[in-house]
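A short worksheet on the structure shown next.
Naming: A, B, ... by sequence-line order, numbering from 1 per chain.
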There are 2 protein chains.
Amino acid sequence: MSPDQARRRPPTAQQFVLAELRRAITSGRLRPGAPIRQDALAEELQVSRVPLREALKMLQGEGLVAYEAHRGYFVETLSLDDLREVYRIRELLEEEAVRRAVARLTDADLDRLESAQEEVERAAAAGDVPAMAAANRLFHMTLFDRAGMPRLARLIRTLWDATDAYRSMYYGDPGNRERVVKEHRATLDALRRRSADEAVTTLDLHRAHAVADLAPLLDPAP
Amino acid sequence: MSPDQARRRPPTAQQFVLAELRRAITSGRLRPGAPIRQDALAEELQVSRVPLREALKMLQGEGLVAYEAHRGYFVETLSLDDLREVYRIRELLEEEAVRRAVARLTDADLDRLESAQEEVERAAAAGDVPAMAAANRLFHMTLFDRAGMPRLARLIRTLWDATDAYRSMYYGDPGNRERVVKEHRATLDALRRRSADEAVTTLDLHRAHAVADLAPLLDPAP
DNA sequence: ATTTTCAATATTGGATCCAAAATACGGAGG
DNA sequence: CCTCCGTATTTTGGATCCAATATTGAAAAT
């Protein structure tokens, strides 16, 4: 019997490019609305335009970049309405994910959530915004992955990433960081008690606060 | 003032390829699980592999094809669990879409739904499976588009298309076609009465029947 | 001053070519 | 007969080159 069934494949340039682009966009280094110049980016990443374009096509499908034929790719901009819509859809999907996850949560899962949360707290205290964003994402996705619905988890992940460029602004404020920490604690407590209802409620509040705080940062109708 | 604000752009090969590929997969001409040979397909479509690969990357994002590095693209296969998951997610999203749509439905919208339904009935009676699939899709999407949530509508559309290869089998049976027609009628009646609850219920039933009938056609755990 | 035209430039779209990896094949050995 | 191993072939991944389109800028006309 072969030692690893799913054989390790050599990394491809497009995977590297995809990861780099994602970081550049979600971190805000590429600003919303900015055109993406393929030649410049390709040179910066030391690859040709082919894998870059393939990565862009993926990001287009995920809604991170917009595409116009013969004009190229642009970092997607979200209107306030768009933001509200994304969060509303997440509300629908995450409720399902949380309910399923709670029914299957093991103590080991709770330990993983606890350590993710500790990392969130560490990053929040240190004011390390990128680390906080990463840890926060890990916390939520660890939970959602436990639902045993991979497509649902992937959809939530995609919606999550679609607002990452704005999330970074949100974490810039220490007060917001503190509140995120507190709300995670409330969710984690509910999960420990296996209370799906409470977990859903705390997460809904969590999201509502985020929308309320992000709203003023966005143009009313671009 | 210019006559058309959004200027018509020349069509790109990748758009053509994307549409062709979608048809080939959803119609079942490319069977689930089949490898997609880029050279052969490119030659058949009279384009180079570059636009083909970009189209494949989009379809990968939509879940119509699976990708393995250095092995290429394959038409996505759905297990029974996958199918159930897709339909469950649709249930969540479509409920929201229907409720919002009902609140905004105009008489003109109802007329459009009526004519879409008439086309479904014509195709069903004639046993024209592709026409029925197209008309059926139009009926549902016309409704969902009225929700005024473009991202939600796009998600539903994507989930819908992900099972199209199997839907064609389903429509092969005259009895199934008849039932679809009846269930659409029930939904349309509910919409005319502006009863969101009933519309949601009839659509839930509609979906449940489809899953029940498709289940035997799928491998239990591929 | 404003608008229009038209050439020059920049940028994207697509085709071809080469490199790298996986698969298929065939022979040697058990 | 089956397994293992090495080579040939096929297929994908990526780079480069050329064509098509959009953008920019300056000159000319109103």
Lys/Arg-Asp/Glu bridge criterion (N-O < 4.0 Å) met for B:R112, B:D145: no

Polar side-chain contact B:R53-C:dG14 base: donor and acceptor under 3.5 Å: no

Distance, rounded to the nearest Å, where B:Q14 contributes CD and C:dT12 contributes P: 13 Å

B:H140 and B:W160 aromatic ring geometry - parallel, tilted or perpendicular at 30°/60° bounds: tilted

Any B:S48 side-chain nitrogen or oxygen under 4.0 Å from OP1 or OP2 of C:dA15: yes

Closest-nucleotide 5' rank along DNA chain D - winner of B:V50 and B:G72: B:G72

Check: D:dG14 base within 3.5 Å donor-acceptor of B:R49 side chain: no

Charged N-O contact under 4.0 Å between A:E20 and A:R23: yes

Heavy-atom side-chain contact between A:Y87 and A:D82 under 4.5 Å: no

Minimum-distance nucleotide to B:A13 side chain [options: C:dG14, D:dT12, D:dG14]: C:dG14

Between P of D:dT12 and CD1 of B:I36, the distance in whole Å: 10 Å

Distance, rounded to the nearest Å, where A:L45 contributes CG and D:dA15 contributes C1': 15 Å

Whole angstrom value for the distance that separates P of C:dG13 from OH of A:Y73: 6 Å

Touch class at under 4.0 angstrom, heavy-atom based, for B:E54 against every strand present: nothing

